[in-house]
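I have placed the structure first, in the form of structure tokens, so that the comments after it can refer back to it.
Letters go in sequence order (proteins before strands), and every chain restarts at 1.
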Protein chains: 2
Amino acid sequence: MIKTELFNQQDQELALMAKALSHPARIAILDFLAQSSCCISGDISNEIPLSRTTVSQHLTELKKMGFIQGTVEGVKINYCLDNEKLKEIKLAFEKFFEKLLSNPNPICEV
Amino acid sequence: MIKTELFNQQDQELALMAKALSHPARIAILDFLAQSSCCISGDISNEIPLSRTTVSQHLTELKKMGFIQGTVEGVKINYCLDNEKLKEIKLAFEKFFEKLLSNPNPICEV
DNA sequence: TCATTATGTCGTATGTTTGCGTCATAAAAC
DNA sequence: GTTTTATGACGCAAACATACGACATAATGA
């Protein structure tokens, strides 16, 4: 019943990036990381209205898609944005929208 | 158990836009509409490997978020991209990424 | 009128995401 | 060595998404 693999690679990748951004908590986490340079997972769950467990899961998701990096420092983990990767993702979205808008779409009304 | 409403309006809206793009079928539909000016729902399900019912559902989703418009022409419905809305959405993503990248994030390593 | 064509809607099965409590682990402090 | 602190992993329940067949509707044409 799962059919995503029937679509082309590029579409699948863009969909995965979009999926990573498809929850307000993850947007909020990215915002927070952008503002506060680096921070640990515990800090973040103080800032957003979800449990530490849930925040941790969202962090894992963002890490999986490459939006953020986590570097271990003793007991703590410093999460921060992966700016290089973010630039790539930004570019991918831009290209997609450019492609959609490049064809001056005629008006549909008959 | 649903907590999205705890986040701010802007984050919620961006998340919804991202969600609309979070399935390769919907990316493929948008691509197809961009290439082929306008078309009917049946046309689209010939082009992508899903049933007409499922395509119809994805179209409804895209319409709900404003990516596309559908204008009725007799028995047929002409779906096409909503270019004005698309420009808005494009801008929203650009702004978001600009914000993330505007703070020259320090390196996390101690 | 009756069949055909184009399309939406409903119900339903299966799969995925979200959210959290609880437990496990591992460094550091005492 | 025991406690504290910071964190990930596991397991579960509720909610949501995906996919489709079957039915409903409504315009057109024979």
Common cluster, A:Leu30/B:Leu16, ILVMFWY with side-chain heavy-atom separation under 4.5 Å: yes
Write down the distance between [atom1] ([X]) and [atom2] ([N]), rounded to a whole number of angstrom.
X	N	atom1	atom2	result
B:Lys3	D:dA14	NZ	P	15 Å
A:Ile29	C:dG19	CD1	C1'	13 Å
B:Lys64	C:dG8	NZ	P	15 Å

CA sep, side-chain torsions, deciding dist, call: A:Ile27, B:Phe96, side-chain contact (heavy atoms from CB on, under 4.5 Å): CA-CA 9 Å; A:Ile27 306 269; B:Phe96 173 68; 3.6 Å; yes
Any A:Tyr79 side-chain heavy atom under 4.5 Å of A:Leu62 side chain: no
Letter per nucleotide, 5' to 3', of nucleotides 4-12 of chain D [B base touched, S only sugar-phosphate touched, - untouched; heavy atoms, 4.0 Å]: -BSBBBBB-
Positive for side chain to side chain contact (heavy atoms under 4.5 Å, CB included) with A:Ile68, one of A:Leu81, A:Leu86, A:Thr60: A:Leu81
Side chain to side chain contact (heavy atoms under 4.5 Å, CB included) partner of A:Leu50, the single match among A:Val55, A:Ile44, A:Ile29: A:Val55
More than 12 heavy atoms from other groups under 6.0 Å of CD on A:Gln12: yes
Any B:His58 side-chain nitrogen or oxygen under 4.0 Å from OP1 or OP2 of D:dA19: yes
Under 4.0 angstrom between A:Thr54 side-chain N/O and C:dC20 OP1 or OP2: yes
Candidate pair B:Glu61 and B:Lys64, rule salt bridge (Lys or Arg N to Asp or Glu O under 4.0 Å), full reasoning: CA-CA 5 Å; B:Glu61 206 62 31; B:Lys64 202 169 74 187; 3.2 Å; yes
Results of ring pair (Phe, Tyr, Trp, His ring centres under 6.0 Å) for A:Phe93 - residues two or more places apart only: B:Phe93, B:Phe97
Residue-level proximity of residues 19-28 of chain B to DNA chain D when a heavy atom falls under 4.0 Å: B:Lys19, B:His23, B:Arg26
